[in-house]
There are 2 protein chains.
Amino acid sequence: MENKLPTVKEIARRLNVSVSTVSRALSDHPRIGLRTKTRVQELAKELNYEPNAKAIFFKQRKSFIVGVILPFIREEFFSQAISGIEAAAMEHDYTILFGQSYDNPDREKQVVETMKKQRVDGLIISLSKETNKYDHLQALDKYDIPVVYFDRVPQLEQAHKVYCDLYKGTTEMVNWLFNRGYRRVAFINGPDKLSASKERLKGYLEGVSKQKLKIDMQMVETTDLSRESTHEAMKKLLALKHRPHAIVTFNDYVHMDAVQYAEQHNILINKDIAFVSYANLPITNYTAYPPLASIEQYPYGQGNKAMELMIRILNEKGMPTNGARTYHNEKVVPTLVMHQPVIR
Amino acid sequence: MENKLPTVKEIARRLNVSVSTVSRALSDHPRIGLRTKTRVQELAKELNYEPNAKAIFFKQRKSFIVGVILPFIREEFFSQAISGIEAAAMEHDYTILFGQSYDNPDREKQVVETMKKQRVDGLIISLSKETNKYDHLQALDKYDIPVVYFDRVPQLEQAHKVYCDLYKGTTEMVNWLFNRGYRRVAFINGPDKLSASKERLKGYLEGVSKQKLKIDMQMVETTDLSRESTHEAMKKLLALKHRPHAIVTFNDYVHMDAVQYAEQHNILINKDIAFVSYANLPITNYTAYPPLASIEQYPYGQGNKAMELMIRILNEKGMPTNGARTYHNEKVVPTLVMHQPVIR
DNA sequence: CTTTTTTGCGCTACCGGTTGCACGTACGAT
DNA sequence: ATCGTACGTGCAACCGGTAGCGCAAAAAAG
């Protein structure tokens, strides 16, 4: 025989009072007499009563669930980000509904759809690298589901965003390289569509220009971040008449692929050619050749901020709503982290 | 002015029919006349009506949400596992509520509590390495929330489990090493509490015994999987009068820490001492010294199976429930994967 | 001792759907 | 003409709580 979970109804029946009395007694309503209150609360404890969150959330049109969509959880950047999101969520009694886009816009749409169906209170997303239309996300507006973008943010003004100012970071990194004597600095960038790529490129061009050097577009390669594509880029760079002295790669994964290719082609890593990268993932400490320097983008912090922002937005919902809505925009300042050079 | 979401009520009002008619028309009930049906369906389409899942789930006491608790999402093993879980979930229209225990039983309890409050339909969990009491999980029984354990499973008979048969895998690996001529095979194991550790140790002892060799317990170290602890173990092993010819490590992370220590102490990795490990994570391909061989535990497959099992259990719920419940137990067969030896 | 206020609790509607049952109408069969 | 039977639709209960309002009894004020 199934031992049904206790409900207010059950408690009310046993105590011969009404459900509303029970409800109020449990929430410590002042208008309930002390003796009834204690009777109710004691029985509740005895029965291990716990209010059915589903029912409450349903009534209050709130679930304390925020959807989180990431391209790939297996990338350490994102697993750190979700940890930051989770931490902030727990602190405010929110939970996370999880989904991956696998960098596929169709899949992304599908996951967004699922989240919408589940009526999450809000959605935090780092866009798939192929996503260039945002209809499926803007549609959430109608459902009153706020969206906070982080790291891979859309080119929209009307959106809440948390991201890293890679323009400045990249310029700094390029300067750092020049100061160290690397004259020909190559750059393996990501897909043009990605705003992250644009930022990086802008920063790179700015950095090179600052050195009063002519920009050599042969030094700039664009990839889709796949290993093959990175190897292709490396092939081109190594085939140049004047090989680069240093190579900046889009992130640590691209870095690892680039280094792998270079090693196979008898380049002494960080000696013949210096490698620098973005992300500063812990895992690079275990890799054969960590980059000489890496731009730390604080994924945990970004995720954390994104969730904090979401909670603020959610809390403001009841507020005055004085006509035009304001959109929040938070930049995280990246820092350049030097690594122990490893030359094998 | 907020543009409220359409409800059945709204449709009913506009069409001057009752909500039940609308509801039935939308679910294509045979008793509704064709003309009404189309009228309703057309208006629904026009208003972009979508049923409120929360209301339905509430009524049906079902949410299509399954909780997933992992020790660390940043470990590739678990990020792959959750991907497997997610894939199976999507296929059956389930979603995942995510939480990490950070290998901390208190935190695990807290997360379980949260999931319970949210009334997830089921819970899939890989235990924290310190967890040795399961009350907080068995308590879910009362709430009719089934639990499926995977990889790090409890020592309980009365539980649904999906895990890897590492006993057999370890024996095979030890044999493989002996066949290759490694006579003294050391073993850096995880915490005793972990059933995974016990399995491995059993397999190791079995493997050594099969070679008709005396078991040397100096060759067996126990760690808590932290880097410090692994370095400590390595220190002891390297201090032995007869150093091991090969070292089996608990997993690829321990492997990396062990190798790091060995390298710092001028051991030629995989030449002076051979290293083999468990997990076979993709990331090891980028590391300085991948293990010579690794036991693939198919985390994606394990996660996938766990979710499939969960769905089966959930679907069986309505069924006859002929008294005693049966518990499912699925073993995944690991395989030994050889790697390109890298000796620098 | 009446009037007003406070105290303690119940009735009922509501959130957004689903579903068993009843009711009225039209239609073919007897 | 009468009866059984599809057919099409509405009423109302229900899921598990919350909350406004009303009402009686007790306490305070007049």
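Keep in mind the model is a prediction, meaning the values are calculated, not measured.
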Per the atom types in the model, does the base of C:dC15 pair as donor or acceptor with the side chain of B:T7 at under 3.5 Å?
no

Can you confirm whether more than 12 heavy atoms, excluding those of B:K37, are under 6.0 Å from its NZ atom?
yes

Taking OP1 and OP2 of D:dG10, is either one under 4.0 Å from a side-chain nitrogen or oxygen of B:T21?
yes

Heavy-atom closest contact (B:G122 atom, B:I145 atom, distance)
CA-CG2, 3.7 Å

Within the distance-only criterion (no hydrogens, no angle test), does the side chain of B:D121 pair as donor or acceptor with the backbone N or O of B:F64 below 3.5 angstrom?
yes

Quickly work out the A:F58 CZ to C:dG17 C1' distance and round it to whole Å.
7 Å

Taking atom C1' of D:dG17 as reference, at what distance in whole Å does atom CD1 of A:I11 sit?
12 Å

Of D:dG16, C:dT18, D:dT18, the nucleotide closest to the side chain of A:I56 is D:dT18

Take the protein atom NZ of B:K62 and the nucleotide atom P of D:dG16, then report the distance between them rounded to whole Å.
17 Å

To the nearest angstrom, the CG-P distance between B:D144 and D:dG16 comes to 13 Å

Per atom distances to the A:R61 side chain, the nearest of C:dC15, C:dG10, D:dG17 is C:dC15

Side-chain H-bond candidate by donor/acceptor type, A:S128 with A:N104, under 3.5 Å
no

Which label fits A:Y102 and A:F72: parallel for a plane angle under 30°, tilted from 30 to 60°, or perpendicular past 60°?
perpendicular

Does D:dC15 have OP1 or OP2 sitting under 4.0 Å from an N or O in the side chain of A:K9?
yes

Closest to side chain of B:S23, choosing from C:dT18, C:dG16, D:dG17
C:dT18

Using a cut-off of 4.0 Å on non-hydrogen atoms, how would the nucleic acid contact of B:V22 be classed: base, sugar-phosphate, or nothing?
nothing

Nucleic acid contacts of residues 25-54 of chain B, taken as heavy-atom distances under 4.0 Å to DNA chain D:
B:R31, B:I32, B:G33, B:T36

A:Q60 CD to C:dC15 C1': how many Å, rounded?
10 Å

Can I get a per-line list of side-chain donor-acceptor pairs under 3.5 Å for residues 146-158 of chain B, giving both atom names and the distance, sequence neighbours left out?
unit_1: B:R152; atom_1: NH1; unit_2: B:D103; atom_2: OD1; d: 2.9
unit_1: B:R152; atom_1: NH1; unit_2: B:L127; atom_2: O; d: 3.2

Report yes or no: is the cationic atom of A:K54 (NZ for Lys, CZ for Arg) under 6.0 Å from the centre of the six-membered ring of A:F58, at an angle within 45° of the ring normal?
no

Interatomic distance, A:K117 NZ vs C:dG17 C1' [rounded to whole Å]
16 Å

Take atom CZ of A:R24 and atom C1' of D:dG16, then tell me their distance rounded to the nearest Å.
15 Å

I need the CZ-C1' distance between B:R119 and D:dG17, as an integer number of Å.
11 Å

